[in-house]
There are 2 protein chains.
Amino acid sequence: MTNNSELDALFQSLADPTRRAILARLAHGSASVTDLFAPFDMALPSFLQHLRKLEDGGLIETTKQGRVRTCTLRVGALAPARGWMEEQRLLWEGRHDRLEDYLATLLQGPDTDG
Amino acid sequence: MTNNSELDALFQSLADPTRRAILARLAHGSASVTDLFAPFDMALPSFLQHLRKLEDGGLIETTKQGRVRTCTLRVGALAPARGWMEEQRLLWEGRHDRLEDYLATLLQGPDTDG
DNA sequence: ACTTTAGTTAGCAATATGACTAACAATTCG
DNA sequence: CGAATTGTTAGTCATATTGCTAACTAAAGT
């Protein structure tokens with residue numbers, strides 16, 4: 001079976017606007033927790049949970065120096081998710097002709113009114 | 001912030017192995033609920049919840065004819081997720097200039113490509 | 001009509017998620 | 001030292017997720 005729990009964690013990490021925003025911001029460069037946190041309207045511990053989730057999912061790395069923890073993107077982390085999506089895209093688009101064929105058969109059914 | 005709840009739902013839909021497997025299977029062609037359900041080791045109502053989630057998230061379409069409900073992929077549904085990931089990849093790799101170019105090709109849709 | 005097939009609905013339970021406050025380090029600055 | 005800064009941990013709460021069973025509807029088959 002394709003029981004790829006890495007993809008579970010990856011997509012789960014991306015399924016939250018706070019975490020996507022963190023990633024987008026980190027794309028412009030590493031940043032401390034406080035800097036990252038600044039634009040968000042939530043309590044710091046809540047924010048830290050998101051950071052931890054990103055770290056657990058391998059999307060970011062963090063290192064602490066003194067009191068400051070610096071967060072950095074792991075550049076290759078999205079690759080498996082992108083790979084899955086690309087795989088699907090190729091399959092989906094490969095069957096596009098059949099889809100149109102199927103939709104044509106649907107029109108012949110009795111459910112023509114909504 | 002970019003509070004894009006469409007991406008929330010999309011990534012959430014993909015964050016489950018059952019749902020990814022359904023999508024992968026549907027990529028090979030439309031199928032009835034019973035056919036789709038066959039390889040899974042769970043109760044049918046549990047499975048139906050996944051199907052409903054995929055439908056609510058716009059990833060599949062279903063139509064019922066007689067007692068049989070047929071499920072079909074919505075081919076363009078993954079595009080926003082793919083777009084976000086590609087956007088991030090370009091940012092992460094520091095190629096901000098190519099972003100606009102890529103986004104332009106997205107707008108043309110996959111079926112305009114030869 | 002009765003049965004089988006195909007799917008649906010309702011309701012329950014365990015766990016995960018995402019938020020909060022309060023209290024606690026640990027480091028740095030005056 | 002004492003105080004501010006930076007982050008962490010613990011504990012709580014509401015809701016969402018994901019699974020189940022049992023009972024049900026609707027269409028076909030015999």
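Everything quoted here is computed from the prediction, not taken from an experiment. Just so we're on the same page: letters track the sequence lines, and every chain starts at 1.
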Query - Whole-Å gap separating P (dT9(D)) and CG (Leu51(A)) - result: 13 Å
Report task. Report the nucleotide, chosen from dT8(D), dT8(C), dA27(D), that has the shortest atom-to-atom distance to any side-chain atom of Lys64(A). Result -> dT8(D)
Query - Arg52(A) vs dT8(D): side-chain N/O to OP1/OP2 distance below 4.0 Å - result: no
Report task. Side chain of Leu44(A) only, please: which of dG19(D), dT5(D), dT8(D) is the nearest? Result -> dT8(D)
Report task. Side-chain contact test, heavy atoms from C-beta onward, threshold under 4.5 Å: evaluate it for Leu59(B) versus Arg74(B) and give yes or no. Result -> no
Query raised in the report: Below 4.0 angstrom, N of the basic side chain to O of the carboxylate: do Asp35(B) and Arg25(B) qualify?
Result: no
Report summary line: Considering only heavy side-chain atoms of Met42(B), the closest of dT8(C), dA27(D), dG19(D) is dG19(D)
Query raised in the report: If you check every side-chain atom of Pro45(B), which of dT9(D), dG19(D), dT8(C) has the closest atom?
Result: dT8(C)
Query raised in the report: Please give, in whole Å, the distance from dT18(D) P to Leu54(B) CG?
Result: 11 Å
Requested in this report: From the options dG11(C), dG18(C), dA19(C), select the nucleotide whose nearest atom is closest to the side chain of Lys53(A).
Outcome: dG18(C)
Query - Shortest non-hydrogen separation from Ala81(A) to Met85(B) and the atoms involved - result: C-CE, 3.4 Å
Query raised in the report: Does the side chain of Thr62(A) pick up a donor-acceptor pair with the side chain of Glu55(A) at under 3.5 Å?
Result: yes
Query raised in the report: What integer distance in Å separates Leu36(B):CG from dA6(C):C1'?
Result: 13 Å
Query - Integer-rounded Å distance: dT17(C) P and Leu14(A) CG - result: 14 Å
Query - Residue pair Leu14(A) / Phe11(B): nearest heavy atoms and the distance that separates them - result: O-CD1, 3.4 Å
Query raised in the report: Quick one: Phe37(A) CZ to dA19(C) P, roughly how many Å, whole number?
Result: 11 Å
Query - Along DNA chain C (nearest heavy atom to each residue), the more 5'-positioned of Val33(B) and Arg19(A) - result: Val33(B)
Query raised in the report: Which sits closer to the 5' end of DNA chain D, Arg69(A) or Gln12(A), going by the nucleotide each is nearest to?
Result: Arg69(A)
Requested in this report: Identify which nucleotide among dC20(D), dG18(C), dT28(C) has an atom closest to any side-chain atom of Ala43(B), counting heavy atoms from C-beta outward.
Outcome: dC20(D)
Report summary line: Whole-Å distance, Phe40(B) CZ to dT18(D) C1', equals 14 Å
**Report entry** Between dG18(C) (P) and Asp56(A) (CG): distance, integer Å
**Finding:** 13 Å
Report task. Can you tell me the distance, in whole Å, between the CZ atom of Phe47(A) and the P atom of dT8(D)? Result -> 11 Å
Query raised in the report: Pick the nucleotide of DNA chain C nearest each of Gln49(A) and Arg67(A); which residue has the one closer to the 5' end?
Result: Gln49(A)
Report summary line: Of the candidates dT4(C), dT6(D), dT8(C), the side chain of Leu48(B) sits closest to dT8(C)
Query raised in the report: From dT18(D), dA19(C), dC20(D), pick the nucleotide closest to the side chain of Ser46(B)?
Result: dC20(D)
